[in-house]
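Below: one structure, written as structure tokens.
Computed from a prediction, not measured in an experiment: that's the story for all the values here. Below, read A as the first sequence line, B as the second, and so on, with proteins coming before strands; counting in each chain starts at 1.
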There are 2 protein chains.
Amino acid sequence: MPAEVEPICPTFMLNKCTHCDARGSGVCEAVPEDGLTRLSAAATALSFEPAQRFITEGDKAEHFFVINAGTAKLLKMLPDGRQQIVSFCGPGDFLGLSVFSLYSYGAEAVEPVRLCRFSRFTLRCLMTDFPAMERRLLKSATFELTLAQEQMLLLGRKNARERLASFLIARARATGTCPARGRPAVPPQVALPMNRTDIGDFLGLRIETVSRTMTALKTDGIIEILPRCGVIIRDFDALESLAACI
Amino acid sequence: MPAEVEPICPTFMLNKCTHCDARGSGVCEAVPEDGLTRLSAAATALSFEPAQRFITEGDKAEHFFVINAGTAKLLKMLPDGRQQIVSFCGPGDFLGLSVFSLYSYGAEAVEPVRLCRFSRFTLRCLMTDFPAMERRLLKSATFELTLAQEQMLLLGRKNARERLASFLIARARATGTCPARGRPAVPPQVALPMNRTDIGDFLGLRIETVSRTMTALKTDGIIEILPRCGVIIRDFDALESLAACI
DNA sequence: CGTGCTTTTGAAAATCATCAAGTATAGTGG
DNA sequence: CCACTATACTTGATGATTTTCAAAAGCACG
């Protein structure tokens, strides 16, 4: 099903990781230059179209993934079909860690996704040989945990308006559209590759509520809704205070 | 403010960790026998009474903590006072990891808590010398992340009844009152050291809703409410199907 | 220029929050 | 030992926010 983007070709693989877009941002940055050959050989490059699933919740967790390009969503489902998106992932993000042997969430491409797949065994070997990689993974997991806790605060205690505001500001910061701290110089244009349903499933809201709340923010002059999946933040301060100090 | 339970006494410290209640369950289990002297010397034993705070959200993160006994809550606050408990911690649990240099959550004792405190620097040295400890921390963080994602599903997509059911079952499993998989032989008696407000702050509900929902579960014969902070699960299957497959 | 999909908008219903009061329980001091 | 107080918990009535159901509007694509 998934397209093998590049054939397993040692000569090509030799410097694949050195030219990777995610080199320097993801966990792979922890592997020193002289280990890249091994890293390249261990990786299987794959690509997925929107809505294609590459992790099924509950399946045996045999692989790890590092996103090179595009956006994916991680989601958990209830038996009756309700679903919660626990994270949107982009370039450099690492997926697939689990304490038990089963994936605790599913993963689907939102935008076209390119990623590298590693076997559980391979990663274990790499971690043993490159302790910096394990340290990098711990840092990554800790960061994810911090985000998850922030999201719990959002889901448990914020109203629809505050949730949307938090989401837009988090997106603007995560995509580098505006600085991590302080206010941006120009109105940030935030890309939203996911549809309204996905935003709702991430924020614990129904699609209608997302739509209504977006319209309300627009009406108040806080944001501008772009025709093709995006918004411009017109009043950053207002949005930030709505987000209630994310 | 916090009581120093045990004086810093090398002779006593020598085998303190060997006799620790949390030895074998927490991250300390990753330290081999011959490293326990160093671990003991690095630890400061502290104890806290209910409602005492030992981590303040936003403070400089200079310490790590391992709970030895009791229950603590980790919480995030909004400027207007709304709060969300992101986790209840018990013996063996590890607190204080953060990617940035500030604590992203506060921590308070729910029951009387005994814990060991380590400096950030000390832990770094221990991790360097005992790689198993770093591996154990990664496992721990990964597990926490899994729990956090389960909680996101609860907060984003479950109703009050399902939230309470999930909470009671998770508690029963976490405290070993009933097996991690399958149904218990006898009706599990679940201790709830936290008050209704805390349960509400954990489940994203108001205290009145928690109370009403508890009463409803009792009325339906699913649980029995014990006078002193606890419940007995009378109909485990009903509660589990309510929890919607946690 | 239809067709199918996503998004928006409207009206009614449901759930949970809020406000308010009452009950139980534990701890305190006479 | 018992009244008294403080705190936690429960219950009731009302209200607000969000969901649900339904339909219309926008947009992309063949």
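- A donor atom on one side chain and an acceptor atom on the other are not found under 3.5 Å apart for Ser87(B) and Lys73(B).
- Two residues are said to be in side-chain contact when any heavy atoms from C-beta on lie closer than 4.5 Å; Leu95(B) and Tyr105(B) meet this criterion.
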For nucleotides 5-17 of chain C, read 5' to 3', which letter fits each nucleotide if B means a protein heavy atom sits under 4.0 Å from the base, S means only the sugar-phosphate is that close, and - means neither? --SBBBB----SS
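- For Arg173(A) against Phe236(A), the heavy-atom pair with the smallest separation is NH2-CZ, 4.0 Å.
- For the pair Leu226(B) CG and dT25(C) C1', the computed distance is 15 Å after rounding to whole Å.
- Residues that satisfy the side chain to side chain donor-acceptor pair (under 3.5 Å) test with Thr215(B), not counting sequence neighbours, are absent from this structure.
- Looking only at side-chain heavy atoms (C-beta outward), Leu192(A) and Met214(A) come within less than 4.5 Å of each other.
- Rounded to whole Å, atom C1' of dT20(D) lies 15 Å from atom CG of Asp80(A).
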